[in-house]
Amino acid sequence: MAKDKKTKPSKELPLGFLDREEKVLKFRDLIISKIKEIMTVYGFQYLETPSFEYSESIGKFLPDKERPDEGIFSFKDENRWLSLRYDLTAPLARYVAKNFMEIPKPFKRYQLGTVWRNEKPGPGRYREFLQLDADFVGTKNLMADAELLLMATEILKSCGLKDNEFKIKFSSRLFLNEILADVKDDSVKLKVLRSLDKIERLGINEVKKLLGKGRKDESGDFTQGASLPDKQIDFILKQVKNPSFINVSKNIKGSAYSQINEFKKCLELFNLKNIEFDPSIVRGLEYYTGIIFEINLNFEVTNYDGKNIKFGSIGGGGRYDNLINNFGDYNLPATGLSIGLDRLVYALMQKQSLQIKENKPVVICVFDNRQFKEYIKIVKLLREANINSEIYSGEGKLKKQMEYANKLRSPAVILYGDDEIRSGKATLKNLETGNESSVKIEDLPNEIKKII
RNA sequence: GCAGCAGUAGCUCAGUUGGUUAGAGCACUAGUUUGUGGAACUAGGGGUCGGUGGUUCGAAUCCACCCUGCUGUACCA
């Protein structure tokens, strides 16, 4: 043990990383098991790809920079840059390109995996988190996009949510392009798209400022706006906030109009409810090409201090018809859905929409190491009866052992000391009520089952 | 990145206009109870007061710089 405190290693976690404990993990496991069932029923193949990929395979981050770590975690291995994946879609594209000849097309696969982002974390957002990804590769049919949403609905319902507790919104990249046809400058166009993406969080008035001269945030910091003329701002916001406008506008009766209508028909065929057209959703700017969507929860979520937090979406996705072509001329249009499982778990735990059993072990107390044979006999008997149980594994006295069991939230302890051994009956103590009873060893399983 | 706020015990925090040896609650350890947890009581351990430098007889307290965190914002495939 080093005495110099400066040599002690830090016990702090890196910014944006988290220890996940049993309560959360059990909840997450339950949700995952439901997801897996649904995926299988829908005919998706299970896939796992590695955490690391060559940097150039999964992003636009070229490793000729000093370090390609803008937003992602990377390091140089021998001569090539490797990066931790930041989503599961980019590795899918790589996988499909690599295995193009072998896989069936359309290719439907789902994947559960941790992804990493090297960015500033926010409330409820971390730099390491678990994602679910389900994709159709090799079809332009919008029935696929609609089926993804049906599946998302089924997942949320299997997690105990009711229809009115979540909402799915969709739009089309084409629609936004048509609205912004008059914005010729690409960098301004990007700025406008980013601003529109913030309507949900900041509200329409603040976004109006972002489209115009700019806006001050809560801390007083100023953000430069897109500097559009008022007339143009009004036009854009009107289009975005009044979806019915799409049905009467002459200006935007183009491909976006027919695409959205076609998609609506698909949704109707699946009889999907609580899904609505919302042109203000934008999603990632880089690779989406058509229909895009977003899943939002409709109930309040609080942080550790009990304050409401703006939870944002728990998932989304859309069509990315060109992504796989980056690897060659594959002509594989695709569409996918991603759900942030940690965030879903966090919200659902507050909602308590699913019940988790505790299942802590019954503790067999150790009076005398020479009697271990007896304790082993008991623990075997209990475990065979499928009762979670353990022999106290420390060195403390009985008081210590009781404190241990109590802290563990064990349902009961078994006392089998000299007195009990003489009579051949163990003392079973219910830790919730404090009641003790004298039980023959062979009856312990049945008596314990009455307690737990 | 930019901006605002904040760093005192494992955790949550108090600490007067700068003044002895820096406090509380919870948690921890031991005991009251050598075979009995939760409650109570008693005692105990635990601090470079984020760091460095400065002002001062004297700094947790004032000043400068740095570091870290929180919140907002920007970026986000």
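Reckoned from all heavy atoms, side chains included, excluding hydrogens, waters and symmetry mates. Quick note on labels: first sequence line is chain A, next is B, and so on, each numbered from 1.
- For A/Tyr126, there are no ring-ring contact (aromatic ring centres under 6.0 Å, His included) partners at least two apart in sequence or on another chain.
- With C1' as the reference atom, B/rU29 and B/rA9 are 15 Å apart, rounded to whole Å.
- Comparing the C1' positions of B/rU33 and B/rA40 gives an interatomic distance of 13 Å, to the nearest angstrom.
- Rounded to a whole angstrom, the distance from the C1' atom of B/rC11 to that of B/rC67 is 23 Å.
- By the side-chain hydrogen bond (donor to acceptor under 3.5 Å, both in side chains) test, A/Lys11 pairs with no residue at all, sequence neighbours left out.
- When the side-chain nitrogen and oxygen atoms of A/Arg194 are compared with OP1 and OP2 of B/rC76, one or more of them lie within a distance under 4.0 Å.
- Contact check of residues 444-452 of chain A against RNA chain B (heavy atom, cut-off under 4.0 Å) returns no residues at all.
- Between B/rA30 and A/Lys400, a contact under 4.0 Å exists linking OP1 or OP2 to a side-chain N or O.
- If you find the closest nucleotide of RNA chain B to A/Glu218 and to A/Leu323, the one lying nearer the 5' end belongs to A/Glu218.
- Between the CG atom of A/Asp197 and the C1' atom of B/rA74 there is a distance of 13 Å, rounded to whole Å.
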Which pairs, protein N/O on one side and nucleotides 4-13 of chain B N/O on the other, fall under 3.5 Å?
none

Result block: side-chain N/O donor-acceptor pairs under 3.5 angstrom for residues 394-402 of chain A, not counting sequence neighbours:
unit_1   : atom_1 : unit_2   : atom_2 : d
A/Gln401 : OE1    : A/Val366 : N      : 2.7
A/Gln401 : NE2    : A/Val366 : O      : 2.8
A/Gln401 : NE2    : A/Gly396 : O      : 3.1

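- We find that A/Arg109 and A/Asp133 are joined by a salt bridge, their nearest charged nitrogen and carboxylate oxygen being less than 4.0 Å apart.
- For A/Asn99, the CG atom is densely surrounded, since the number of other residues' heavy atoms within 6.0 Å is greater than 12.
- One can place CD of A/Glu119 at 15 Å from P of B/rG72, the figure rounded to the nearest angstrom.
- Regarding A/Glu200, its CD atom lies at a distance of 13 Å from the P atom of B/rU73, rounded to whole Å.
- The ring-ring contact (aromatic ring centres under 6.0 Å, His included) test applied to A/Phe222 returns no partner, not counting sequence neighbours.
- Rounding to whole angstrom units, CD of residue A/Gln224 and P of B/rG1 are separated by 21 Å.
- Rounded to a whole angstrom, the distance from the C1' atom of B/rG15 to that of B/rG7 is 15 Å.
- In summary, the aromatic rings of A/Phe107 and A/Phe136 are positioned with their centroids too far apart to meet the 6.0 Å limit.
- For the side-chain hydrogen bond (donor to acceptor under 3.5 Å, both in side chains) test, residues two or more places apart in sequence or in another chain that qualify with A/Arg127 are A/Asn118.
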Anything under 3.5 Å between a protein N or O and an N or O of nucleotides 31-37 of chain B, put it in a table, one pair a line.
unit_1 : atom_1 : unit_2   : atom_2 : d
B/rG35 : O6     : A/Asp418 : N      : 3.4
B/rG35 : O6     : A/Asp419 : N      : 2.8
B/rG35 : O6     : A/Asp419 : OD1    : 3.3
B/rG35 : O6     : A/Asp419 : OD2    : 3.1
B/rG35 : O6     : A/Glu420 : OE1    : 3.4
B/rG35 : N1     : A/Glu420 : OE1    : 2.8
B/rG35 : N1     : A/Glu420 : OE2    : 3.2
B/rG35 : N2     : A/Glu420 : OE2    : 2.7
B/rU36 : O2     : A/Lys429 : NZ     : 2.8
B/rU36 : O2     : A/Glu436 : OE2    : 3.0
B/rU36 : N3     : A/Glu436 : OE2    : 2.7
B/rG37 : O2'    : A/Asn406 : ND2    : 3.1
B/rG37 : N7     : A/Lys429 : NZ     : 3.3
B/rG37 : N1     : A/Leu431 : O      : 2.5
B/rG37 : N2     : A/Asn406 : OD1    : 2.8
B/rG37 : N2     : A/Leu431 : O      : 2.4
B/rG37 : N3     : A/Asn406 : OD1    : 3.2

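- Between A/Arg201 and B/rA74, a side-chain N or O to OP1/OP2 separation shorter than 4.0 Å is present.
- Every residue two or more places apart in sequence or in another chain that forms a side-chain hydrogen bond (donor to acceptor under 3.5 Å, both in side chains) with A/Glu420 is listed here: A/Thr427.
- Here the shortest heavy-atom pairing between A/Pro411 and A/Ile451 reads O-CG2, 4.3 Å.
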- ring-ring contact (aromatic ring centres under 6.0 Å, His included) between A/Phe277 and A/Phe175, worked out: CA-CA 11 Å; A/Phe277 177 60; A/Phe175 180 81; 5.4 Å; yes
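- Using a 4.0 Å heavy-atom distance criterion, A/Lys198 is classed as a sugar-phosphate-only contact.
- For A/Glu276, there are no side-chain hydrogen bond (donor to acceptor under 3.5 Å, both in side chains) partners two or more places apart in sequence or in a different chain.
- Taking the six-membered ring for Trp, A/Phe263 and A/Phe293 have ring centres at least 6.0 Å apart.
- Note on A/Lys429 versus A/Glu436: salt bridge recorded, some NZ/NE/NH1/NH2 to OD/OE distance being below 4.0 Å.
- With both ends at atom P, the span from B/rU71 to B/rC13 equals 14 Å, rounded to whole Å.
- Backbone-only engagement by A/Leu202 is indicated by non-hydrogen atom pairs under 4.0 Å involving sugar-phosphate atoms exclusively.
- When the P atom is used for both B/rA30 and B/rG18, the distance is 44 Å, rounded to whole Å.
- Taking atom CZ of A/Arg85 as the reference point, atom C1' of B/rC76 lies 18 Å away to the nearest angstrom.
- Taking atom P in both B/rA77 and B/rU8, the straight-line distance is 36 Å, to the nearest Å.
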- Message: Once pairs are restricted to Watson-Crick or G-U wobble with both distances under 3.5 Å, how does RNA chain B read as a dot-bracket string, [ ] for crossings and | for other-strand pairs?
- Response: (((((((..((((.....[...)))).(((((.......))))).....(((((..]....))))))))))))....
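- Following rounding to the nearest Å, A/Leu210 (CG) and B/rA74 (C1') show an atom-to-atom distance of 10 Å.
- Distance, A/Lys191 NZ to B/rC75 C1': 12 Å, rounded to whole Å.
- If you take atom P in B/rG25 and the same atom in B/rA39, they sit 16 Å apart, rounded to whole Å.
- Every residue was checked against the ring-ring contact (aromatic ring centres under 6.0 Å, His included) condition with A/Tyr416, not counting sequence neighbours, and none meets it.
- Rounded to whole Å, the distance from CG on A/Asp221 to P on B/rG72 is 14 Å.
- Atom NZ of A/Lys208 has 12 or fewer heavy atoms from other residues, nucleotides or ligands within 6.0 Å.
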